[in-house]
Amino acid sequence: MSDPGEVKVEPARRSLWDRVSIVWLVPLAALAIAVGVAWNNWADRGPLITVYFDDAAGVETRETELRYRDVGVGVVEDVGFTDDLDRVAVHIRLEKQVAPYVDEAAQFWIVEPEVTTQGVTGLDTVLSGVYIEGLWDTRPGQPTYEFDGLASAPLLAGGQEGLQIILRTSGDSLTGRVPLVYRGVEVGQVGEAVVSLDGFTVEAPAVIYAPYDALVTEETRFWDTSGFSFSVGSGGAAVDFESLASLIVGGLTFDTFVSGAPLAEDGAVFDVYDDESLARSSVFNRATGPELTLMAVFDGNVSGLNVGAAVELDGLRIGEVSAINGIVERDDQGAEQVRLQAVLDIRPGRIGFEGQGAPEAALNYLIDEVESGLRARLATGNILTGGLKVQLVSLPDPGPGAVDLEADPYPRIPTVASDIADVAASAQDTLDRISALPIEEILGSVQSVLDSTAVLLASQDTQALPEEIRGILSDVRQITSSDELQAVPGQVGDVLTELAGAAGEINALVTALEEQDVPGRLLGAIDAVEATLASVDTALAGAPALIDEVTQLAATAGDLPLDELVTQVTGVAASADALLGSEAAAALPGRIGSLTAELEATVAEARALVAGLNEQGGPDRLLAAVDAAGAAATSLDEALAGVPQVVERLDAVAAQVQAMELQAVSERLAGVLASADAVISSEDVQAIPARVTAIATELEGAVAEANALVSGLNEGGGAERVLAAVDQAGAAAASLDTALQGVPGLIERLDAVAAQVGASDIDGVVARLESVLASANGILATESAQALPGQVNALAAELQATVAEARALISGITADDGGARLLAAVDSAAAAAASLDAALAGVPQVVERIDAVAANLQAADLAGAVARLDTLLASADALVSSETTAALPADLSALADELSAGISETRALIADFSGQGGTGRLLAAIDSAGEAAGAVEEAVAGVPQVVSRIDGVVAGAETVDLQGIGDSLEQLLASADALLSGQDTQELPGNLGDALTELRLILAQLREGGAVENANATLASIRVAADQLATSLDTLPGLITQANTVLGTTGATVEAYGENGALARDLRAALREVSQAAENIARLARTLERQPNSLILGR
Amino acid sequence: MRDLGKDIALTARDAGLVACTRCQRVWPMAEDRCDRCGARLASRDTGSLSRVWAWWCVGVMAYIPANLWPMLVTRTLMSESEDTIVGGVIELMHHDAVGIAIVILVASVGIPVAKFIAIAYLALSVRRVTLLSAHRRQQLYEIVEYIGRWSMIDVFVVAILSALVQLNVVASVNPGPASLAFALSVIFTMLSAQAFDPRMIWDRIEESARSEGGEARPA
């Protein structure tokens, strides 16, 4: 074995390059790659932003994307919480490219799968998971790294543009997430509805997409179209809905009813109305300018106050209730109480505040008014529905109160207790009362009354009435067409003739006056005229009042039942006999004796006067007068020649009367006399003779005075003047003679009349008289009648005093040379006598006429008249026995009082007269009397005319068909009698009495039942209702407008049946949608058939 | 018994020969190439350690993302899950598949890490005194060499699953980026192991024996 030797192996010293393997390039390259990748990652990484959400359902780290316009632009890197665990913080790594655009305005929300009535959104997220959608504008801005995420997608997403507004309503017509539809086309979207901060309204943001935003102006109205409307019009029933979608989903639509308003701007607030008509009417009832919102809190039961109720200030509607809710308040005791809080929208324009700052001005005004008593209260707004309204009323003493400006959320106005009338209760009460009334009984009575009336009306007598009236009318026509009435003008001619004669007489008188001492008499007459004028002046001052008194007196006298009076007087006269037998009456002859003595002296003076007359050739004149008187006496004698016959007749009448059953009458009379006796035997009556004695004494004095006066006349050469008067009297006597010529005929007529009277049936009349007397007896027995003598006594006393005064007056006249003046009066009397003479000239003719009338009377059927009289007396009996008649004595008593007072006044007047130099005045009065006599003369001058008129009248009466009238009257009376005595008529009072009883009962019940209060309350309610009605009428125009709108809708509905109507369009749109939907479903079905997996793949 | 380590043998280099590392034919030192197989002849590969360390570094670098990145991307109908190696193991253990979890853990984590450590130890032990004898180190090297070809088992699983479970939307399994990294890491580790010249294990024995006795010769 060879040894190859030691080989020294030395490792070569090699360079670094030799020692380092080329393989090292590989790790270097790997390193480079790693570093490069890392750098690249880091450099490409965008900023990390943090978005805070309330929750982050489905968000997963590194999986959930951030998308912008459906393109991923970032990834969630981390999901955590804020420090207080309040919210979820999602950290998102943005892509660098979009980072500059994500500025403050960026919005983020989580897109989740959502199935709503309007469709399915976010379906892709079912498989892929949720993602976060981001929205930002296209301009780079200040980088921001923290954001608040939205709970839901914003209305304007993905670059859409449009108008963003706020919709508001106080009702429930606003639901979120519904489409805004305009004429069937969806043009916008309503966002999530939220309750406003004040809690009274619901607000929802809404958006109207461009370009439809140009449809919305400030005057645009929004309303709810969800559901459908059903209307019945003249064209039939119509169902209307906007679209199928809105039928299911609901929705809002809008329209601009008035053009010209500026376009709405972002953020504008619009009210949502319940339906189109409301929206439409709101355009025209819109409030101008801003509103003032107040708040009022009411106590008690306020059911009936609704949103929209009126707010009235002194009856003027100034706003409405916009919201109502309850609040819990603590009262003074600390107890909790639920009260009603109403929000009032006041329109300042309604109370006169316009323009900017109007709400503040209106608020200040209300603050002032509240200080002076203005309060809010609830009042009945609608009496039927019980709806309430809010009244702002000024109360006189409302207690302290002021507008609470600090109240939340609106100023609070103080309130007072409500003024709500419970109409229902009152009405119920009233109805109860009415039902309690005895209606049935009343109806029964009324029915019986009606039955009686029917029978009465159907009676033959009633049927015959028109016939009777027609007969009367025909009689009247006969009278007016009679020849006598036609002859009236001729008689007027006679009267004129008589006037001519009278003028002749006056002429003669004037001649005689001229022959006498005219100037002196004229002077006296002038004196008299002067004084008379003065007196007349004075008298006239009191004349109107006097006339009034006289008129009143006449009226009173007219009311007097004279029959009764006469009966009474008769009774008194009968017992006056007893009175005459009294001592005082016995003393009277003594007084009369002295009176006779005085008269004797007076006659002596008169004799002296006559002697004077004698000396002045008076006998001749007197003789002539005596002749005339003699002729008159002759005439009288002739006239009296027929008197025995009359007497005979009267005798026969008396015999008949005697034969009558006067016993009962006597008894009655005895009763009457007993009463009268009681009256007369009273102390007052006993005192009357004494009074009369005193009066006689006074009269005696007065006669003495007259004696003195006559002697004065004697001295004043009155004889001559008296002669003249005697001449005239003579002439008058002659005329009388003439007049008496016709008297015998008259007497004959009277005889015949008496004969007829004798033939008539007096018995019945007497019987009636008896009952009348019985009634009179009752009257006399009354206290008032008993009191009469006392008053008569007082009357006599007054009379006595009056006579005394008169006496004093006469003595005054005598003392003041009244004789001369009296002479003048005598002269006037003479003239009057002359005139009387002339007047008497026409009397014979009158007598003839009367004669003729008597003849007619004779021819008349007196028997029937007496029978009628009997009936009349029966009625009179009833009348006399009536309470009213019984009350007469009291009236008489009062009258006597009045008379007494009147006499006492007269007396006072006379006393006054005497005391104040009345004598002189009386003289003047005598002068006036002279003048008056002159006037009488003038008046008498007109008497012939009157006489001739009477003549004419009587002549007319003469020709009147008294017989026919009597027949008609009889028939009439017979009818009236039959009517009165009919059974129905007899029953009438009974029925009437029943009816009155019922009526009285009803009244009593009404009075007891408090019906009056209820009626008052009801009336008050009705008044309130009327006020309400007035208020309602104020709103009537609005109502009419609404009705108009409704009609317009109806019209549109009817039109909709036409080719191009809105309904047709809607229907077509709806059908189109349905058709489209069906088509889509069909297409989907086909697609699924072909590619089932597309269900999974999503393609 | 003879202590092999202490035995000084005549080495080929000592004999002036060089063996072909590919076909084991021995050639004179002067020869540059093996005439039989054409491989380059070198008595000792002077760049061996350098290459080992280079591949080793790349392998480790690739092994990091292989563990951080998802190995499998599993898509089911509703969800998509990505599992790293360790995450997958934990997942399996939660599903009570402990055996499989251990297998995967050993195959994917234990063995690669062990290889890194083994290679690094071998490379370091060439120049330094080591606790293990040359024989042990030779055995270690052979184990590393042997096991290297099985290290791709994870990648195989991923590849098979990806191929099999492709049920479109319902379920699908795709390899994650970590599988690539893991494969690279395995490859680089194998390269690193291959780059190691096991003769260097023994050179040290020869040198120490020569300096002690001088008669010992490497074979």
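Just so it is clear: chains get the letters A, B, ... in the order the sequence lines come, proteins before strands, and each one is counted from 1.
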B:Trp56, part contacting chain A, at a heavy-atom distance under 4.5 Å: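 It is neither, since no heavy atom gets under 4.5 Å.
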
Contact summary for A:Pro27 and B:Ala54, nearest pair of heavy atoms: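 So the two residues come closest at CG-O, 3.6 Å.
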
Test item: A:Trp24 side-chain N/O and B:Arg51 main-chain N/O as donor-acceptor pair under 3.5 Å: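 No; zero donor-acceptor contacts below 3.5 Å.
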
More than 12 foreign heavy atoms under 6.0 Å from [atom1] of [X]: is that the case here?
| X | atom1 | result |
| --- | --- | --- |
| A:Tyr101 | OH | no |
| A:Asp83 | CG | no |
| B:Leu161 | CG | yes |
| B:Trp69 | CH2 | no |

Side chain / backbone / both / neither for A:Leu31 at chain B, heavy atoms under 4.5 Å: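 Both the backbone and the side chain of A:Leu31 come within 4.5 Å of chain B.
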
Part of A:Glu60 lying under 4.5 Å from any heavy atom of chain B: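 Neither part; nothing is under 4.5 Å.
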
